[in-house]
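Given the structure is predicted, the values throughout are model-derived calculations rather than measurements.
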Amino acid sequence: MNGSARLLPLLLGALLLAGACGTPSTPAPPTPTTGSTTPAATAPAATGSSAGSLITVPDVSGMNHQDAQNAMQAAGLYNLREVDGKGEGRALVVDRNWVQTGQSPAPGTQVTPDTVITLTAVKYTD
């Protein structure tokens, strides 16, 4: 085989590889049309301090601390502060090891979503 005869297969292979690196072989999925029945995602409603956005603080007295946190969050209250009920400044590391002994604001109080909710708890072993 002479030099040009060996070069031809290399050139053809290079052209095939170059063609394979171009556009993808699978087409992009179609975009929805204006008559689509798929519902659009909606952003959560903005919360402010208006009367329409008040939340009733649930009663979590005597609950397991983790369950109390879950109840507050289910109500829409996420600004939670936790306090050691014995006044020793212990961190409530494993929430399920603590039981609620107090809360502020009191149960039934109407608050805005950004209100700080203080959950006071003691260890079950206290």
Side-chain angles (χ1 to χ4, degrees):
M1 242 186 181
N2 65 23
S4 61
R6 281 187 278 161
L7 189 56
L8 185 59
L10 290 175
L11 287 174
L12 287 174
L15 286 173
L16 287 173
L17 284 175
C21 293
T23 50
S25 59
T26 56
T31 56
T33 60
T34 50
S36 173
T37 59
T38 305
T42 56
T47 56
S49 58
S50 68
S53 65
L54 293 179
I55 298 171
T56 302
V57 176
D59 184 2
V60 296
S61 56
M63 289 177 100
N64 173 277
H65 183 62
Q66 181 65 62
D67 294 337
Q69 289 177 325
N70 294 346
M72 290 294 177
Q73 292 173 357
L77 300 167
Y78 295 92
N79 197 357
L80 306 178
R81 178 177 170 253
E82 47 193 27
V83 175
D84 175 4
K86 287 192 78 175
E88 297 176 7
R90 299 175 293 181
L92 283 68
V93 177
V94 180
D95 295 332
R96 294 213 175 270
N97 290 344
W98 297 75
V99 60
Q100 287 306 127
T101 59
Q103 68 184 81
S104 176
T109 305
Q110 296 281 307
V111 298
T112 58
D114 60 347
T115 300
V116 175
I117 307 295
T118 302
L119 299 174
T120 304
V122 295
K123 281 190 167 188
Y124 282 108
T125 57
D126 288 345

- What distance do I55 atom CD1 and T109 atom OG1 have between them, rounded to the nearest 0.5 Å?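 Between I55 CD1 and T109 OG1, I get 12.5 Å after rounding to 0.5 Å.
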
- Looking at residues at least two apart in the chain, or sitting in another chain, which of them share a side chain to side chain donor-acceptor pair (under 3.5 Å) with Q66?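 In terms of side chain to side chain donor-acceptor pair (under 3.5 Å), with neighbours along the sequence ignored, Q66 is linked to N70.
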
- Query: Mind checking what makes side chain to side chain donor-acceptor pair (under 3.5 Å) contact with Q69, not counting sequence neighbours?
  - Reply: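 For Q69 the side chain to side chain donor-acceptor pair (under 3.5 Å) partners, ignoring immediate neighbours, are H65, E82.
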
Can you list every pair that meets salt bridge (charged side-chain N to carboxylate O under 4.0 Å, His left out) and has a residue in [range], with sequence neighbours left out?
| range | value |
| --- | --- |
| residues 55-79 | D67-R96 |
| residues 116-126 | R90-D126 |
| residues 72-81 | none |

- Query: Are L80 and V57 connected, step by step, through hydrophobic side chains (Ile, Leu, Val, Met, Phe, Trp, Tyr) whose heavy atoms are closer than 4.5 Å?
  - Reply: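 As far as the 4.5 Å side-chain criterion goes, V57 and L80 are connected within one cluster.
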
Search all heavy atoms of [X] against all heavy atoms of [Y] and return the closest pair with its distance.
| X | Y | answer |
| --- | --- | --- |
| V60 | A71 | CG1-CB, 4.0 Å |
| P58 | L77 | CD-CD1, 4.1 Å |
| Q103 | S61 | OE1-N, 3.7 Å |

Co-members of the apolar cluster containing [X] [side chain, <4.5 Å]:
| X | answer |
| --- | --- |
| V122 | V99, Y124 |
| V94 | V93 |
| W98 | L92 |

- Message: Suppose we screen for side-chain contact (heavy atoms from CB on, under 4.5 Å). Which residues come up paired with T115, at least two apart in sequence or across chains?
- Response: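 Counting only residues at least two positions away or on another chain, T115 forms a side-chain contact (heavy atoms from CB on, under 4.5 Å) with P105, V111, T112, I117.
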
